[in-house]
Amino acid sequence: MGLRRLLLRYFPPGIILEYVEGGESKTRSIDLLDLKPDTDVPALVEEIQKGEPLITDSCLEHVVHLVQRLQDKLGEKQNHKFSLFKVLRTHILPLTNVAFNKSGSRFITGSYDRTCKLWDTVSGEELRSLEGHRNVVYAIAFNNPYGDKIATGSFDKTCKLWSTETGKCYHTFRGHSAEIVCLSFNPQSTLLATGSMDTTAKLWDLEKGEEVATLSGHSAEIIALSFNTTGDRIITGSFDHTVAVWDVGTGRLLHTLIGHRGEISSAQFNWDCSLIVTGSMDKTCMLWNAVTGTHIATLAGHRKEVLDVCFDYAGQRIATASADGSARVYNAETKQCIAKLEGHEDEISKVCFNPKGNCILTASSDKTARLWDAATGRCLQILEGHADEIFSCAFNYKGDTIITGSKDNSCRIWH
């Protein structure tokens, strides 16, 4: 057994150990949720080493260095005030989605105008336009953390894989019989998953450009999918009111999460792959055991449909966004609602935590995005200026830049 490399995820506080055992690549996560700005790092790492045989003396110094970098991040100042940096009149038709690369140096926008555009975050300059789809470009993603590839999923039933550097189209993935509405790269950037209105999801080999598996089992459209952080499981959320858990290696259905009474809107794993959170049109959010597929809790309280759900990067908190114009924060352990984010005048379609997890961003049909204190629910800032509803928003990896995408055909960069 040999340790191949050590990866640090700044947020959540944790290290992923990648190692080879019997010729097979494996991963193990060590959480560092107790890490504080004043923790004695060498002592902490020494303590971890006692229970983790993979951390040998030869790589001890490297681990200490990584954890110290993480500690520095935790010590940075709490709340950044954002101001408008640039308005980009990005497309001739409304946007569908926005996404950052990992460093936040570039971002992409998808649109009803059938294109995906690549932008430089610092200058606001358009770097290239990815053209070739014959219908709406709806789902877009970088293959983070690498960022050298972009995937676009379209209503034309195809998905395309592009080079970030040259704009060249590597592959066009054909096989779905209806619109592609969601997609995701696995963490290793070897596979791409696409979800379609044809009730199936497909896994594609990025190198060969071939279909690896078709995930069949849903009785209605798939509108959400997500890999876990190790890449061995994927979940699909459907209009059939269920979420399916699949084995990525075999394409086998492992569990069907049954309990919601309405269409699924959103589904996500937590960082250590132990929990799944789901949001539904039945006004509830549910928490599930990712290993056994059993229902753990129903997080109720919203008066209308839950449109988006997410974990913070440490998996300690869950945020929900609803058509009732409010968002909520729940403690993942106690299942209690710890904060209500109230102030928007219309439905909230998107919610996300900043990388540190102390701040929440919401995007609303009331033409504003808002920043909230995750612990208290206090509104910290209102990002105003869009002329129509905002349906997409994202933080960069450092948490000091925000993008908002609107139905007004524009995108705004906030620093």
Side-chain angles (χ1 to χ4, degrees), residues 87-102 104 106-119 121 126-144 147 149-162 164 173 176 179-185 192-197 201 221-227 237 265-268 279 307-310 321 347-352 361-365 367 369 383 386 388-397 401-414:
V87 180
L88 306 178
R89 303 281 166 206
T90 44
H91 292 271
I92 54 170
L93 289 173
L95 278 72
T96 53
N97 265 305
V98 299
F100 271 112
N101 67 353
K102 185 164 181 180
R106 293 174 175 187
F107 67 94
I108 45 177
T109 53
S111 170
Y112 280 85
D113 69 9
R114 307 179 178 191
T115 70
C116 170
K117 290 181 187 284
L118 175 69
W119 305 85
T121 313
E126 182 185 322
L127 299 175
R128 56 186 46 89
S129 185
L130 307 178
E131 297 172 16
H133 280 295
R134 296 181 174 185
N135 209 326
V136 176
V137 172
Y138 193 76
I140 56 174
F142 278 101
N143 65 329
N144 291 335
K149 294 183 181 74
I150 294 164
T152 54
S154 170
F155 285 4
D156 69 9
K157 308 173 193 173
T158 73
C159 174
K160 289 179 183 286
L161 183 70
W162 313 80
T164 304
F173 299 122
H176 281 296
E179 297 92 333
I180 293 173
V181 292
C182 51
L183 54 76
S184 181
F185 286 96
L192 179 71
T194 52
S196 169
M197 303 297 266
E221 297 90 334
I222 291 174
I223 52 92
L225 55 76
S226 183
F227 282 98
S265 59
S266 182
Q268 197 186 58
L307 302 178
D308 195 25
V309 295
C310 68
E347 68 176 39
I348 302 171
S349 58
K350 193 81 187 149
V351 63
C352 58
L361 176 64
T362 53
S364 170
S365 298
K367 307 176 190 174
L383 306 181
H386 278 293
D388 209 330
E389 63 184 88
I390 302 173
F391 48 78
S392 191
C393 60
F395 277 105
N396 67 339
Y397 188 60
T401 305
I402 288 170
I403 300 173
T404 51
S406 167
K407 204 174 172 180
D408 67 9
N409 304 7
S410 82
C411 181
R412 288 177 174 237
I413 305 173
W414 311 79

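- A donor-acceptor pair under 3.5 Å links the side-chain atoms of Ser364 to the main chain of Glu347, judged by distance alone.
- Residues satisfying the salt bridge (Lys or Arg N to Asp or Glu O under 4.0 Å) criterion with Glu389, sequence neighbours excluded, are Lys407.
- Side-chain N or O atoms of Thr164 include one that pairs as donor or acceptor with a backbone N or O of Gly147 at under 3.5 Å.
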*Start with the C-alpha distance between Phe155 and Tyr138, add both sets of side-chain angles, then the distance that settles ring pair (Phe, Tyr, Trp, His ring centres under 6.0 Å), and finish with yes or no.*
CA-CA 7 Å; Phe155 285 4; Tyr138 193 76; 5.3 Å; yes
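- In this structure Asn101 satisfies the side-chain hydrogen bond (donor to acceptor under 3.5 Å, both in side chains) test together with Ser105, sequence neighbours excluded.
- Within the 3.5 Å criterion, the main-chain N or O of Gly132 finds no donor-acceptor partner in the side chain of Asp156.
- A perpendicular orientation is assigned to the rings of Trp119 and His91, their planes being inclined by more than 60° (bins at 30° and 60°).
- Residues meeting the side-chain hydrogen bond (donor to acceptor under 3.5 Å, both in side chains) test with Asp308, sequence neighbours left out: Ser266.
- Partners of Ser111 under the side-chain hydrogen bond (donor to acceptor under 3.5 Å, both in side chains) rule, at least two apart in sequence or in another chain, are Asp113.
- Between the side chain of Thr90 and the backbone N or O of Asn409, at least one donor-acceptor pair lies under 3.5 Å.
- Judged by distance alone, the side chain of Thr96 and the main-chain N or O of Gly110 form a donor-acceptor pair under 3.5 Å.
- Considering only residues two or more places apart in sequence or on other chains, Asp408 meets the side-chain hydrogen bond (donor to acceptor under 3.5 Å, both in side chains) condition with His386, Ser406, Ser410.
- Scanning both residues, Ile140 and Ala99, for their nearest heavy atoms gives CD1-N, 4.3 Å.
- The backbone N or O of Ser226 sits nowhere less than 3.5 Å from a side-chain atom of Ser184 that would complete a donor-acceptor pair.
- Remark: Arg128 pairs with no residue by the salt bridge (Lys or Arg N to Asp or Glu O under 4.0 Å) rule, at least two apart or across chains.
- Remark: the backbone N or O of Leu130 is not paired with any side-chain donor or acceptor of Thr115 at under 3.5 angstrom.
- Within the 3.5 Å criterion, the main-chain N or O of Phe173 finds no donor-acceptor partner in the side chain of Thr158.
- Between the side chain of Arg114 and the backbone N or O of Arg134 there is at least one donor-acceptor pair closer than 3.5 Å.
- Remark: side-chain polar atoms of Asn144 are paired, donor with acceptor, to backbone N or O of Lys102 under 3.5 angstrom.
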